[in-house]
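Right, one structure below, let's go through it.
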Protein chains: 2
Amino acid sequence: MTNRETTTRETLTRNQTLVFDALAKAAGPLSAYTILDKLRDDGFRAPLQVYRALDKLVDFGMVHRLESLNAFVACAHPHCGQHGLIAFAICEKCGHVSEFSNDVIEDQVRGWAAANGFKPSKTTVEIRGNCAKCLNS
Amino acid sequence: MTNRETTTRETLTRNQTLVFDALAKAAGPLSAYTILDKLRDDGFRAPLQVYRALDKLVDFGMVHRLESLNAFVACAHPHCGQHGLIAFAICEKCGHVSEFSNDVIEDQVRGWAAANGFKPSKTTVEIRGNCAKCLNS
DNA sequence: ACTGATATGTTATTAAGTTACATCAGTTGC
DNA sequence: GCAACTGATGTAACTTAATAACATATCAGT
C-alpha cells in the first residue's frame, strides 16, 4: 500500500551516510536545504547532492518525507523493515514528529481503492496540531 | 478534526472569484503559478495575488490544498459545508483527483490523538496511485 | 584495459512561497 | 464631511524548494 523498498540496500554511500546521520541526530524533521547547510563542512556544495541521497534513503525506507512540511525525518523504527501505512503527527509548535502505523486506516484506504478501481502506490497521512508536551506549558 | 471555517463567508472579492473560477473549471489541481498564468489577462501580475486569494478560499473551505502536489483544487462538494476528514486519491498519470470523506479514518486519528494527548488542527490524507480509467488503457 | 552501471560534482534554472511596503476602498464614529 | 480603522490590492525583491543538463569519477565484471 505504502512505499515498498524497490532497491536492495547493502551499504550506504558516503553521501547517503552523511545525510542519514544528519537526520538521525536531529530532533525533528529537516528540510533539504537545512541538511545542505549542516553538511557544508563535509564538502557538500549543492542541493542535488542532498536530494540524490534523500531519494535513495526514502527508497530504502530509512527516511520519510513529510509532504506538508517539505521536510524529511529519519524513520523511527530501528530496523525499518516492512510496515504498512505510516501516519505522522506533527507538532506545529515544537516541530516534534510522532510516527505510528495504523492497520485500520490502511484497510479503509485499501477498501476505498478496491471499490473505485484505484491502485494506490503511496499513501500520505499527516496530522498537524499540538503535542501533549506543548499543550502543558 | 480537520480544518474549520474560521471566517464567515459572505461574498467573494474580485480576486477570490477569479481564482476560484479558474480552479472550478480546471480538470484537475492547479499550482499557484499556473493559476497566475491563467489570470494574467485579468490583471494578475504577482504570485501574492494568487496566494492571498487561495488562503481565503481554503479558509472558507471552498478550495483544498494538496500537500503532496503543492497544488490546489476546488472542493468537490457543491455547498461545501461541514464535512469531517477528507481524503484525496490522486492519479499520477492523468492528474485526476477524487475526494472522499471517511469517518472511520477520522475516528482512528481522533483515537490516536486522544491516547497521546495530541490536539489535531488539520489532517491530510492523500493517496497517490493510478485511477481506474488510466489502468484500463 | 574496456564496458556499463552507479555515484558525484558543479552550474544554472525553474517552481513555490514570503517579506516588506505602498495604496485603495469601504465602514464606523464623531 | 472627515478622521480613524480595517480589509483588499498592487508591486518589487527575496528566500526556499526542486530539477535540468552536463562533466567526471568509481567500481564490478569480463
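All values derive from a computational prediction rather than experimental measurement. In the text below, chain A, chain B and the rest are named by the order of the sequence lines, each starting its count at 1.
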>> Tell me whether the side-chain N/O atoms of A:Asn15 come closer than 4.0 Å to OP1 or OP2 in C:dG9.
In response: yes
>> Could you go through A:Gln16 and A:Leu54, starting from their C-alpha distance and side-chain angles, then the distance that decides it, and tell me whether this counts as side chain to side chain contact (heavy atoms under 4.5 Å, CB included)?
In response: CA-CA 7 Å; A:Gln16 287 161 12; A:Leu54 285 171; over 6 Å; no
> Which residue lies toward the 5' end of DNA chain D, B:Gln16 or A:Ala71, if each is placed at its nearest nucleotide?
Replying inline: B:Gln16
> For B:Lys56 and D:dA8, is the shortest distance between a side-chain N/O and OP1 or OP2 below 4.0 Å?
Replying inline: yes
> Is a salt bridge present between B:Arg40 and B:Asp37, judged by a nitrogen-to-oxygen distance below 4.0 Å?
Replying inline: yes
> Which nucleotide in the list C:dA7, D:dT11, D:dA17 gets nearest to the side chain of B:Arg52?
Replying inline: D:dT11
> Between atom OH in B:Tyr51 and atom C1' in D:dA12, what is the gap in whole Å?
Replying inline: 16 Å
> Could you walk me through whether A:Leu23 and A:Val73 pass the side chain to side chain contact (heavy atoms under 4.5 Å, CB included) check?
Replying inline: CA-CA 6 Å; A:Leu23 281 172; A:Val73 279; 5.7 Å; no
> Quick one: is D:dA17 close enough that its OP1 or OP2 comes under 4.0 Å of any side-chain N or O from A:Arg65?
Replying inline: no
>> Between A:Glu99 (side chain only) and A:Phe88 (backbone N and O only), is there a donor and an acceptor less than 3.5 Å apart?
In response: no
> In whole Å, what is the span from the CD atom of A:Glu67 to the C1' atom of D:dA17?
Replying inline: 13 Å
>> What residues from residues 41-50 of chain A pass a heavy-atom cutoff of under 4.0 Å to DNA chain C?
In response: A:Arg45, A:Ala46, A:Leu48, A:Gln49
>> Distance check needed: C:dG17 C1' versus A:Leu69 CG, whole Å only.
In response: 14 Å
> Any ion pair linking B:Glu126 and B:Arg128 (charged N to carboxylate O, less than 4.0 Å)?
Replying inline: no
>> If we ignore hydrogens and angles and just use 3.5 Å, is the side chain of A:Gln108 paired with the main-chain N or O of A:Val104 as donor and acceptor?
In response: no
> Please give, in whole Å, the distance from D:dA17 P to A:Asp55 CG?
Replying inline: 16 Å
>> For B:Thr13 and B:Asn70, find the nucleotide of DNA chain D closest to each by heavy atoms; which residue's nucleotide sits nearer the 5' end?
In response: B:Thr13
>> Please report the distance, rounded to the nearest Å, between CG in A:Leu66 and C1' in D:dA17.
In response: 15 Å
> Would A:Lys122 and A:Glu67 pass as an ion pair if we require N to O under 4.0 Å?
Replying inline: yes
>> If the condition is side-chain hydrogen bond (donor to acceptor under 3.5 Å, both in side chains), which residues does A:Thr34 pass it with, not counting sequence neighbours?
In response: A:Ser31
>> Expected output is a numbered-order residue list: members of residues 23-40 of chain B with a heavy atom under 4.0 Å from any atom of DNA chain D. What is it?
In response: none
> Judged by atom type as modelled, is there a donor-acceptor pair below 3.5 Å linking the side chain of A:Glu106 to the main-chain atoms of A:Leu85?
Replying inline: yes
